[in-house]
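To keep things clear, I will list the structure first and then write my remarks on it.
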Amino acid sequence: MRFIIVTGMSGAGKSTVLKALEDMDYFCVDNLPVILIEKFAEISRDSNFKQDKVAIGIDIRSGEALGELSSALDRLRDDKFTYEILYLDASDKVLVKRYKETRREHPLGRGGRIENGIAEERKRIEFLKQMADYTIDTSNLLTRELKAEVRRIVKKGKDYTNMIVTIMSFGYKFGIPQDADFVFDVRFMPNPYYVSDLKSKTGNDQEVRDYVMNSDASKEFMTRLADMCKFLVPNFIDNEDRHQIIIAVGCTGGRHRSVTVANELGEMLNDLPYSTRVFHRDIANDSYVKGEV
């Protein structure tokens, strides 16, 4: 039997994860009282339970009883009960934004500042983060991408790598992404904007991709960039307590060259043992086709 405990910061995506697990035929129980965890574990391994995949959600809503969770989990381990902990996290900035968008109150910030509730929650559940078998930072993940990470955990188990590499294209005219770990400037590459047949297209179109990559400088840059990233990412993981790295690639408007390079780099890094996602921040901005680049 596989028993997964889903926990982490409020607003980080626990409901989405539990729904994803349900879609994978897991028997899911959310907000199970801490006092019932050991009893539920005992029931779940009874032959009459007839469920071989179980997931429970536990978070700050458990209140003061959350402090007893560590002892309960230790007792389960001592009793040879096998479980896995999936911890969901997100940056404070993202969590505040999500709460404001949904107009919900933080469980620990009722009547006060959301930021204070988040800070207090981090302190109270730090022990769960330290115990976690898997950690997913959902700060920059779409719902479908989070569900894909859950599927990877279910499939890979202990071989899952807690790292997501995001490759983001952007336009310098709209500012450098503040959350980028590495920034690469590709404005030296051939610019499709000045080709009438390509101006209205994007780096997602094959014609633009061919134009941008049809130079020795572009090809050599891509080879060197991929080699550098393959060196940097694992060393970054070994020396930093991080679960996400953002590689930003910029051109003037973020529509042609940076999109092409981000797509190419995403394909070249597919052999890394991490999740790789490509995100085009500024590709949909209409100002490009109005001659404002």
Side-chain angles (χ1 to χ4, degrees), residues 2-18 20-21 28-38 40-41 54-96 98 106-109 115-141 146 149-150 152-154 156-165 181 233-245 273-275:
R2 193 165 185 185
F3 193 100
I4 300 177
I5 298 173
V6 182
T7 187
M9 294 296 294
S10 302
K14 291 186 296 298
S15 296
T16 297
V17 169
L18 287 171
L21 289 170
C28 298
V29 179
D30 190 18
N31 199 22
L32 184 70
V34 172
I35 195 173
L36 297 179
I37 288 178
E38 291 176 87
F40 184 74
V54 177
I56 62 173
I58 299 176
D59 53 42
I60 200 66
R61 291 174 296 175
S62 297
E64 295 301 323
L66 191 65
E68 304 169 13
L69 179 58
S70 181
S71 297
L73 294 178
D74 287 341
R75 288 193 293 272
L76 286 177
R77 285 254 164 93
D78 291 341
D79 197 31
K80 309 302 181 185
F81 184 83
T82 302
Y83 60 84
E84 302 160 77
I85 297 178
L86 167 56
Y87 186 95
L88 299 168
D89 202 356
S91 68
D92 288 1
K93 181 179 179 181
V94 169
L95 292 175
V96 170
R98 290 175 181 173
H106 189 279
L108 298 181
E115 293 88 342
N116 294 340
I118 291 174
E120 180 62 24
E121 181 180 19
R122 286 200 185 280
K123 293 178 184 178
R124 293 192 190 183
I125 66 173
E126 175 64 22
F127 74 97
L128 285 169
K129 186 175 183 179
Q130 298 301 322
M131 296 175 66
D133 298 282
Y134 320 103
T135 301
I136 302 178
D137 187 329
T138 69
S139 300
N140 295 295
L141 295 184
L146 175 54
E149 286 303 301
V150 175
R152 285 186 66 232
I153 287 176
V154 170
K156 292 179 174 291
K158 297 298 182 181
D159 293 328
Y160 175 81
T161 303
N162 295 327
M163 175 56 69
I164 300 173
V165 179
D181 296 296
V233 171
N235 280 282
F236 206 75
I237 294 171
D238 290 341
N239 294 286
E240 294 281 343
D241 182 21
R242 298 285 297 277
H243 301 288
Q244 185 160 214
I245 291 177
Y274 320 115
S275 293

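Computation of the quantities below employed the complete heavy-atom set of this structure, encompassing side-chain atoms and omitting hydrogens, waters and symmetry-equivalent molecules. Treat the numbers as computed from the prediction; the structure is a model and nothing was measured.
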message: One pair to check against salt bridge (charged side-chain N to carboxylate O under 4.0 Å, His left out): Lys129 and Glu126. What are the steps and the verdict?
response: CA-CA 5 Å; Lys129 186 175 183 179; Glu126 175 64 22; 5.2 Å; no
message: Ile136 vs Ile153, test: side-chain contact (heavy atoms from CB on, under 4.5 Å). Steps then yes/no.
response: CA-CA 10 Å; Ile136 302 178; Ile153 287 176; 3.8 Å; yes
field: Check against side-chain contact (heavy atoms from CB on, under 4.5 Å), Thr16 and Val150
entry: CA-CA 10 Å; Thr16 297; Val150 175; over 6 Å; no
- request: Go through the steps to decide whether Glu115 and Asp92 satisfy the test side-chain contact (heavy atoms from CB on, under 4.5 Å), and finish with yes or no.
  value: CA-CA 7 Å; Glu115 293 88 342; Asp92 288 1; over 6 Å; no
query: Please walk me through it: do Leu76 and Asp79 pass side-chain contact (heavy atoms from CB on, under 4.5 Å)?
result: CA-CA 5 Å; Leu76 286 177; Asp79 197 31; 5.6 Å; no
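Counting all heavy atoms, side chain and backbone alike, Val6 lies closest to Leu88 at CG1-CD1, 4.1 Å. Summarising the geometry of Leu73 relative to Tyr83, their closest heavy-atom pair is O-OH, 3.1 Å, with the distance given to 0.1 Å. Taking both residues in full, the closest heavy atoms of Lys14 and Ile58 are given as CD-O, 4.4 Å, listed atom of the first, atom of the second, then distance. The heavy-atom pair separating Phe40 from Ile56 by the smallest distance is CE2-CG2, 3.6 Å. Closest approach of Gly13 and Leu146 over heavy atoms only: O-CD2, 4.0 Å. Annotation for Tyr274 and Met163: closest pair CB-O, 3.6 Å, computed over non-hydrogen atoms.
Here the CE-CD1 distance, from Met131 to Ile85, works out to 4.0 Å after rounding to the nearest 0.5 Å. Interatomic distance, Thr135 OG1 to Ile164 CD1, rounded to the nearest 0.5 Å: 10.5 Å. Atom CZ of Arg122 sits about 7.0 Å away from atom CD1 of Ile118, to the nearest 0.5 Å. Interatomic distance, OG of Ser62 versus CD of Glu68, reported as 10.0 Å (0.5 Å rounding). Going from atom CD of Glu121 over to atom CZ of Arg61 covers 10.5 Å, rounded to the nearest 0.5 Å. The structure places CD1 of Ile245 at 11.5 Å from CG of Asp137, a figure rounded to the nearest 0.5 Å.
Every side chain to side chain contact (heavy atoms under 4.5 Å, CB included) that Arg124 has, sequence neighbours left out, goes to Ile60, Glu64, Leu108, Glu120. Taking the ring pair (Phe, Tyr, Trp, His ring centres under 6.0 Å) definition, one finds that Phe81 meets it with Phe3, sequence neighbours left out.
Under a cut-off of 6.0 angstrom, the local environment of CG in Leu36 is crowded, with over 12 non-hydrogen atoms contributed by other residues, nucleotides or ligands.
A donor-acceptor pair under 3.5 Å is absent between the side-chain atoms of Thr138 and the main chain of Ala90, judged by distance alone. With Arg2 contributing its side chain and Val154 its backbone, the two residues share a donor-acceptor pair below 3.5 Å. Distance alone, capped at 3.5 Å, places no donor-acceptor pair between the Asp59 side chain and the Gly8 backbone.
Residues Ser139 and Gln244 bring no donor and acceptor atom of their side chains to less than 3.5 Å of each other.
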